[in-house]
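Have a look at the structure below before the remarks.
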Amino acid sequence: MDKAYEPSGEEHIYKLWEDSGIFTPKIDPKKQPFSIILPLPNANDPMHIGHALFTIQDILIRYHRMLGESTLWLPGSDHAGIETQYVFEKKLAKEDKSRFDFDRDTLYKMIWDFVEENRELNVAQMRKLGFSMDWTRYHYSLEPKIIDNVLATFKKLYHDGLIYRAEKIVNYCTHCGTAFSNLEVDYVDEVTSLYYMKYGPFTLATTRPETKFGDTAVAVNPKDIRYQQYVGQDITVDGLLGPFKVRVIADDMVDMEFGTGVVKITPAHDPDDFEAGLRHHLLIKRVIGFDGRLNELTGKYAGLTVAQARIKVVEDMKASGMLVKIDDNYNHRIGRCYRCKHIIEPMVMPQWFVKIDALAKPALKAARDGQVKFFPLRFKKEFTDWMENIRDWNISRQIVWGPRIPAWYCLDCHPGIKLNFLTKDKKVVTGLYVDLKDKYSFDEIRSGLQSLSAPVGSIFYVDSPDSCPKCHSKNLLQETDTFDTWFLSGQWPLSTLGYNVADPTKSSPDFAYFYPTSVMDTLWDILFFWVARMMMFGLYLTKEVPFKTIHLHARVVDKNGQKMSKSKANVVDPLSMTAKYGTDALRFSLVYGIAPASDIVVSEDKIRAHRNFVNKIWNAARFIEMLIERQQEKSPLLAPVGSKGDLEGFKDLKGKGDLDPADLAILQKLNSLITSTTKNLNTFHFGQASEDLYQFFWHEFCDVYIESTKNRPAQNEGGVDALPVLVHILLTSLKLLHPFIPFVTETIYQNLKAQLGWTDPFLAAAPWPTVNEI
RNA sequence: GGCCGCUUAGCUCAGUUGGUAGAGCAUCCCGUUUACAUCGGGGAGGUCAGGGGUUCAAGUCCCUUAGCGGCCACCA
């Protein structure tokens, strides 16, 4: 054995494992199944330190494999809808192009190829980190069978009356060109201006003077005696585009203390005002387009961006004396796109929604009844609170990268459908079908299609008919909105295990055996995005929870407690750390001394410290190997007692009654270590488990016990041979450490296996230690 | 505004049901005797954020104050 542990052999070890098939479990009714579905990484996302935290899952998987369970860790990768399209569009921009230069089919194929270039990389990197995944069961989110399930789920929801289209106010990002769900908006505290303006008989305060062209009411609190005389009246307001009339309404939404207690109501561009509009049956007047610019209803302001318009409107109001004052130090929250950070523009547009109550209630019940357990427990409350207040889920996105919503419209029944397409000579045409149908053939429209927008109430068919069931026209187009990525990944445990939504009796045997899965481990930030959606879909489709335990971990931060990000230049790259210190050192430093769901501090210092620990183990093994060789020089055929590493060897020792007091002490400590490690792994206390193992191996076994045996009298002078105990403790420690640091432990095992007659071909599949009576 | 978490050695953090304060890094002294200097031996360093309470006993449970952080929420 070399003087220091050399991690360059890791690749070889991994290949031995994988080729042996120990990562590929068999369906064995006599065995307990244990399964984890990998939180699928984005296919085009290079590995970062967050992915290295899959180590937590590998520890669980390796532990349960050693317990003798039929253990499945199922890997996969995600096409990651908006994320990937965003990255791809940035690439296009560098080439001075945009997505509007392509029809949707062409764009889709381009992104497909882009993702395929990177997808393999991810897989290789996960092998490098030693993750014992079953690659024979790997899945990619755009496989046909997985998409089939997504479409079938949509149809089932539709037939159960849980899908509807509605024109609601949604979070629209004019930069990304799509609507988002509530979860995808980041609210950021910002200091802006609050403008006080004259408004008919009132003065009112607003942060958005540029939307006044879309005002269709003005509101006061019903209890506000100052304004009671006006309630129900139409008032005339002097606007920048001439006088206009609005109704004064009374609504509890108005805070009398805020500003002047008067609020202008713009139903088309503000979520609160939209709700007020519904309550008071107000007109929705759109003045901002999907391009983020003011539209033709705004006269001379038309064509300006929202930001430009605000400046111009304020200037003009100042000039005409409408502006009363500006409070420049107004602190409030602004919604920004979680992806591109641009300001979200609330917009009224037709979208697809899932009625969520029917899905949320069973999930809420499952959490409360303990069908699914949370670790740490505090997340149970977060989960149930969220489920209780959940709103209908907007599942449509105006992007191309992802499965399209399977709904078809008849253009001839609905000539008011708005179309965007590229003509044969690549010119963008926008307009209503009724105005375009005589100029362009249906085929030209279809093949160049970029997007369509059907009015709410349009009839749609979910089974892709050849012709319109009503008018028999063949001019049918599929909805161009795609599914929210989480609509697909929310069904991931089902789809990857071969559940067949359309016909559950055709589901794979894997599904029957491994579902519900054992543990779902992920970063807490996708508890709502993903975990909650999987719970809802799992229960909706199968009546069973998708996982029995939800284990949530925190994010990795640097040694100053800062979140790692490229812009802060504080990222610890897992692969370069692995190259420098070995995979085991990295893995151990990710769990050592970590409290459940508290930030995980990783620094190069820490990784180096654990490289030293790995090396310590290596050298202890090297020392023992030396002792064995020395003994075998004397009597070559004699394997040390206890070399089998289990109870067998020990019965002999016990029978002889010839243990040294130091032997007894260390064996007792080993027993309690077996007990505590087992308990800690069962209860997700990885930090504690790793600390105990470290402390025992280094400071008790190496520093105290091994040192003490060096001074022990030789056997012919009345001493007790320590070698059997040394070997026993080494092997047991290797087993206990293996889930955490698989490479060094397996390497040592393979080196000593033949010499010591260890019978398990791999440490990775050797039985987990149990307590020996002493 | 609601909810949750954190505050322990110079730094970063452990401390699972309450029972004489721990680790890594840094620091000081000594040490190369047959594993390991990626090492060994030894030392210094904490009124466990402040206050109150329960208890024979509290870093650990309860109340409270302060600071920091996170999540959620329709206040213009």
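By convention in this document, chain letters (A, B, ...) are assigned in the order of the sequence lines, proteins followed by strands, and residues within each chain are numbered from 1.
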Whole-angstrom distance between B:U54 and B:C39, as gauged at atom C1': 49 Å
Under 3.5 Å, is there any donor-acceptor pair linking the side chain of A:Lys616 to the base of B:C36? yes
base_contact_polar (B:C75 base, A:Asp255 side chain, donor-acceptor, <3.5 Å): yes
Under 4.0 Å between a side-chain N or O of A:Arg391 and OP1 or OP2 of B:A73? no
If you find the nucleotide of RNA chain B closest to A:Tyr5 and the one closest to A:Asp272, which residue's nucleotide is nearer the 5' end? A:Tyr5
Please assess A:Lys285 against A:Asp215 for the test salt bridge (charged side-chain N to carboxylate O under 4.0 Å, His left out), listing each intermediate value before the final yes or no. CA-CA 7 Å; A:Lys285 186 179 169 195; A:Asp215 294 353; over 6 Å; no
Considering only atom C1', compute the distance from B:C68 to B:G50 and round it to an integer number of Å. 15 Å
Phosphate-side-chain proximity, A:Lys710 and B:A35, N/O vs OP1/OP2 below 4.0 Å: yes
For atom C1', what is the distance between B:G18 and B:U55, given to the nearest Å? 9 Å
Given B:A14, is OP1 or OP2 found less than 4.0 Å from the side-chain N or O atoms of A:Ser598? yes
Base, sugar-phosphate or nothing for A:Glu707? Non-hydrogen atoms, less than 4.0 Å. base
Can you tell me, in whole Å, how much space there is between the P of B:G51 and that of B:G59? 13 Å
